[in-house]
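Step one of this worksheet: look at the structure below.
Positions are given from 1, in the same order as the sequence printed here.
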Amino acid sequence: MLVSLALLISWISYRSLMAQFDENQLANQERQRHQISVALRSSASELKQLAAIVAASEAMKVSLSQEGNVPISEALSSQWPTLQLDAGVDELMIYDVQGEHLATYGGLYSEAPEVPPEKSWLMNIIASESPDDRLICKMTCRQYVAVPILVEGDNAGVLLLSRSLVDVMGEFQRSSGDDLALLSEGKVNLEKTGLRADHRLLPWNSLVLAMTHYDETLPLLREASRHLSLPALVKRHRSIEFRRQQYMIGAVALNQAGSSGGGGGYFISFDNVTQQLAEIKASTRSVALASVTGWLWAEAFLLLILWRPTRRIRTLSLYLPGLAKGEFEDVRGRISRHYSGKARDEIDVLSDTAVELSFQLEALEMEVKSRGIELENQVDALERERDLVNNLMNSAQVLVVVHDGDDKILLANRYAAFMVGKVSDELMGQSFKSCFLPLGGEWGLSSLPGRSEESELHALDGSSKAITWSHAPLVSWSSAPGAMVSVGVDITERKNAEIRLAWLAHRDPLTELYNRRYFEEALARAVTPHNSGAMLYLDLDRFKELNELGGHQAGDRLLVMISDMFRDQLGHIGLVARLGGDEFAMLLENASAERAVEVAEKIILSLDEISLDVDGQKYRAVASIGIACYPENGGSPKELMASADFAMYRAKEDALKRWHLLSSSADRESLQKRVYWEEQIRYSLENDGFELWRQPIRSVSGNEAEHYELLLRMISSDTGEIVSPGLFIPVAERSGQILAIDRWVISNSLNMMRSMPSSSIRFALNVSGQSLRDEALTDFLEQQLRANDVAPERLIIEVTETAAVTDFATARAILQDIRKMGCAIALDDFGVGFSSFYYLDQLPADYIKIDGSFIRDLPENRRSQMIVKGIAEIAKGFGKYTVAEFVDRQEVYDILKMYGIDYVQGYWVGRPEKAFPDS
């Protein structure tokens, strides 16, 4: 394993170095292509600038104009030497607007260009009036630039400049340091190029036009042409060995090097990588040598440290079996440690333990001998105990029966005989199965040992007894082969208790219907991907009124009547359960939506026939039923129950039909929206995702705010934006989360009020209708006021008129307790209820906040003016302050001041803002 590990390390090191080498070569190839592309673009840009300058020269314009008397072939004679020597231009050509050749400067021929350009290219330049460049490799590789010649704003021809790519090749060689060759692909006339025959590379069908280090590069290039292809070199650098040297060869096609036109040429680069590969091999050999050396040292070290321990272990294994033969003294002499040292290893512990074990075994052997003598003495004692056991058998309240392998009773105590109505002597020789296990089934005596079973036994008094039997063999009864004793215990009372407990675990004790736990288990079994059905969720309407009117006993009587109806009329249709309170549920397996609707309508008709007399007043059972089908409305029990609960609330909105089938997309969207907002509320409560804002309320006769109303806002966990309470408060009220929100508002408001420098500013907090039915609200509020050291006089509790009168008695008691603490009470949205003025005197309110629907159009609406004026006068008569909401302009304020309104609130007074921006 160590050798394999050493070789693996060497191989991984070699592969890592070669991977780095390949990555460097790829990077070098991209760098070369980039440098060539940059050089060609730079050269083309320079030629375009020169061509534009020459085309704009006065001599050119005069020669091409009709008034010019200088031939075009002589127009640039004075400029041409400068272009040729200083700018490196090899050839200059001039064409007219029809693309016909007019003059040529430089090149091999003076009358015509060396490589005539395509006429279509020239006509495109004339048409577009924009310069262009091309690379053309035929007899030579040149870079051509063509620019239009404009005379007095009109096209007068085209000017072409060309430059050999040998200059670009030289610039690349100076920047990169690599050897370079320029190739022209295709058949080229050697006589016109002036090159030798050995410059032709037949495998590549190309001609070497120029190269660096001729004597070294040309033989290497010819060798590469015989083994590699040009397309492969263009894709990636290739390795080749030449004259015991390793080279990386790559090619760059000129049509990929940044030119507008096309060309049949290549740049070939050579990089000698012999030294790099030699260093990789040397590094690999060093790693392999180090790994093998480490392996040899490890083997030697292991041999050194394990030689003595293995020899001692061999000695232990040789002499330890002597303990089983009783050779205790000899074993101790062989395996004891023969040196004195403080350090002890595991083998020393094993040797010492073996020595100690030999002493213990020797002592144990002596003890066994002494115990044999004691055992003989105990036999006599057992004889005396036998009489005692017989008496115990006859007096114990358990069935004790001894029977043999043929099922014949050999012995039975008095209690066993009494249970079957016989005496002990009468049972002798009878069948044990027939007497005591008449319903036990077919079982053999050989399977009885260690077995426990229950049987039903008919007692003498005619009752049926549940007996649990335990069987054990009696080996000492040698005269009766297979004899065993069976002990039976009467567990009748325990079985009856278990049956009752099992019934109670799945039943509601009041209605004897299935309870929530059993229903959820049945729902989990039914709601699977391959099953379908429906669930009905039923909630009694106005049940709270019945409890308040006739007490909880009347409510229980109604629940029992409804449960009897379910059991008698609908028990055979589906599983019915009471989930708790006034909520029932029904599971219809393999039922369609139409069938579920039929059952819901039947339930409603059956409930109409149930009525209860309470103090001379009849109370009829009315319910709202939500219907959800699976798997359409829920693929899991939790989702299905949530869907049915949502459908039930939708049914409450339809007082005529009183049932609702969750089926439309609007229902699904509403349910998804409700679930979304419930999760948002839960997240905000757990992560402080709420903010408190405030809006000033000032007196009509003052300019500064006397107190503020605190408003709740949510910070969206998805977008971070502020969410209006109108989106999540209705969901919170329906899901019961509003109680936690109210407590969050109270706790955080008082905590922030404690940090305010001014103790005279008062704040108004809104409390929901559900909190007005929570009797623990007053204790919580008192505890928070005390914990934050805030005076109760600084706090105003706002409740809506509708919430206050929904459960009038409870709300009034809670509001009176809050007022006794010292807090003020404000009745919000006043005027929209049916009995506003009646409850005005009954509720302990200090402030009356007139609903904003009467304030918005106050200057234009005569009816609103009468209502606001009447509320103001009546409230003043009861000694209560009035607050007008939604005051958004001066005209509204003037009318309110005239009516004697005490306080105003709205955008005209001040917009809502963060309550404590620095906190």
How many angstroms lie between [atom1] in [X] and [atom2] in [Y], if you round to the nearest 0.5 Å?
X: Ile848; Y: Asp828; atom1: CD1; atom2: CG; result: 10.0 Å
X: Asp613; Y: Tyr619; atom1: CG; atom2: OH; result: 13.5 Å
X: Tyr899; Y: Lys876; atom1: OH; atom2: NZ; result: 13.0 Å
X: Tyr630; Y: Leu640; atom1: OH; atom2: CG; result: 8.0 Å
X: Asn766; Y: Ser771; atom1: CG; atom2: OG; result: 11.0 Å
X: Phe780; Y: Arg743; atom1: CZ; atom2: CZ; result: 5.5 Å

So does [Y] get a backbone contact from the side chain of [X], meaning a donor-acceptor N/O pair under 3.5 Å?
X: Arg658; Y: Ala651; result: no
X: Asn687; Y: Gly689; result: no
X: Asp846; Y: Ile825; result: yes
X: Arg786; Y: Asp789; result: no
X: Asn748; Y: Trp744; result: yes
X: Arg889; Y: Arg856; result: yes
X: Ser768; Y: Ile738; result: no
X: Thr882; Y: Asp902; result: yes
X: Lys880; Y: Ala845; result: yes
X: Tyr903; Y: Lys849; result: no

How about [X] and [Y]: do any of their side-chain heavy atoms sit closer than 4.5 Å?
X: Ile715; Y: Ile722; value: yes
X: Asp582; Y: Leu558; value: no
X: Pro725; Y: Met714; value: no
X: Glu913; Y: Arg694; value: yes
X: Leu510; Y: Arg578; value: yes
X: Glu798; Y: Tyr847; value: no
X: Met586; Y: Ile603; value: yes
X: Leu661; Y: Cys629; value: yes

Mark yes when over 12 heavy atoms from residues, nucleotides or ligands other than [X] sit less than 6.0 Å from its [atom1]; otherwise mark no.
X: Met898; atom1: CE; answer: yes
X: Tyr881; atom1: OH; answer: no
X: Lys657; atom1: NZ; answer: yes
X: Glu775; atom1: CD; answer: no
X: Lys652; atom1: NZ; answer: yes
X: Gln553; atom1: CD; answer: no

Please report the closest heavy-atom contact between [X] and [Y], naming both atoms and the distance.
X: Ala732; Y: Ile681; answer: CB-CD1, 3.6 Å
X: Ala787; Y: Arg754; answer: O-NH1, 3.9 Å
X: Leu513; Y: Ser563; answer: CD1-OG, 3.5 Å
X: Ser864; Y: Asp857; answer: OG-OD1, 3.4 Å
X: Trp659; Y: Ala600; answer: CB-CB, 4.3 Å
X: Ser747; Y: Asn788; answer: O-ND2, 4.4 Å

Yes or no on side chain to side chain contact (heavy atoms under 4.5 Å, CB included) for Phe690 and Leu685, after CA distance, side-chain angles and deciding distance?
-> CA-CA 7 Å; Phe690 290 114; Leu685 287 171; 3.6 Å; yes
State whether a side-chain donor-acceptor pair under 3.5 Å links [X] with [Y].
X: Asn861; Y: Gln865; answer: no
X: Asp541; Y: Ser624; answer: yes
X: Gln784; Y: Asn751; answer: no

List the steps and the verdict of salt bridge (charged side-chain N to carboxylate O under 4.0 Å, His left out) for Lys602 and Glu598.
-> CA-CA 6 Å; Lys602 184 175 181 180; Glu598 292 177 2; over 6 Å; no
Using 30° and 60° as the class limits, which term best fits the ring planes of Tyr518 and His506: parallel, tilted or perpendicular?
->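 Aromatic pair Tyr518/His506 classed tilted.
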Six-ring centre of Phe519, Arg516 cation under 6.0 angstrom, axis tolerance 45° |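 The answer is no, since Arg516 fails at least one limit relative to Phe519.
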Side chain to side chain contact (heavy atoms under 4.5 Å, CB included) between Ile562 and Leu540, worked out = CA-CA 10 Å; Ile562 294 173; Leu540 297 181; 3.6 Å; yes
Report the C-alpha separation of Leu777 and Val767 in whole Å, then their side-chain angles, then the decisive distance to 0.1 Å, and conclude whether the side chain to side chain contact (heavy atoms under 4.5 Å, CB included) test is met.
-> CA-CA 10 Å; Leu777 175 65; Val767 174; 4.2 Å; yes
Does the pair Arg682/Glu679 count as a salt bridge with the N-to-O cut at 4.0 Å?
->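 Salt bridge: yes.
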Could you go through the side chain to side chain contact (heavy atoms under 4.5 Å, CB included) check for Leu750 and Leu795 one step at a time?
-> CA-CA 9 Å; Leu750 294 177; Leu795 193 63; 4.2 Å; yes
Pick one: which of Ile625, Val599, Val622, Leu538 meets side chain to side chain contact (heavy atoms under 4.5 Å, CB included) with Ile604?
->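 Among Ile625, Val599, Val622, Leu538, the one that satisfies the side chain to side chain contact (heavy atoms under 4.5 Å, CB included) with Ile604 is Ile625.
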Qualifying residue for side chain to side chain donor-acceptor pair (under 3.5 Å) with Gln905, from Gln695, His707, Arg698, Glu885 |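 For Gln905, the side chain to side chain donor-acceptor pair (under 3.5 Å) test succeeds with only one of Gln695, His707, Arg698, Glu885, which is Gln695.
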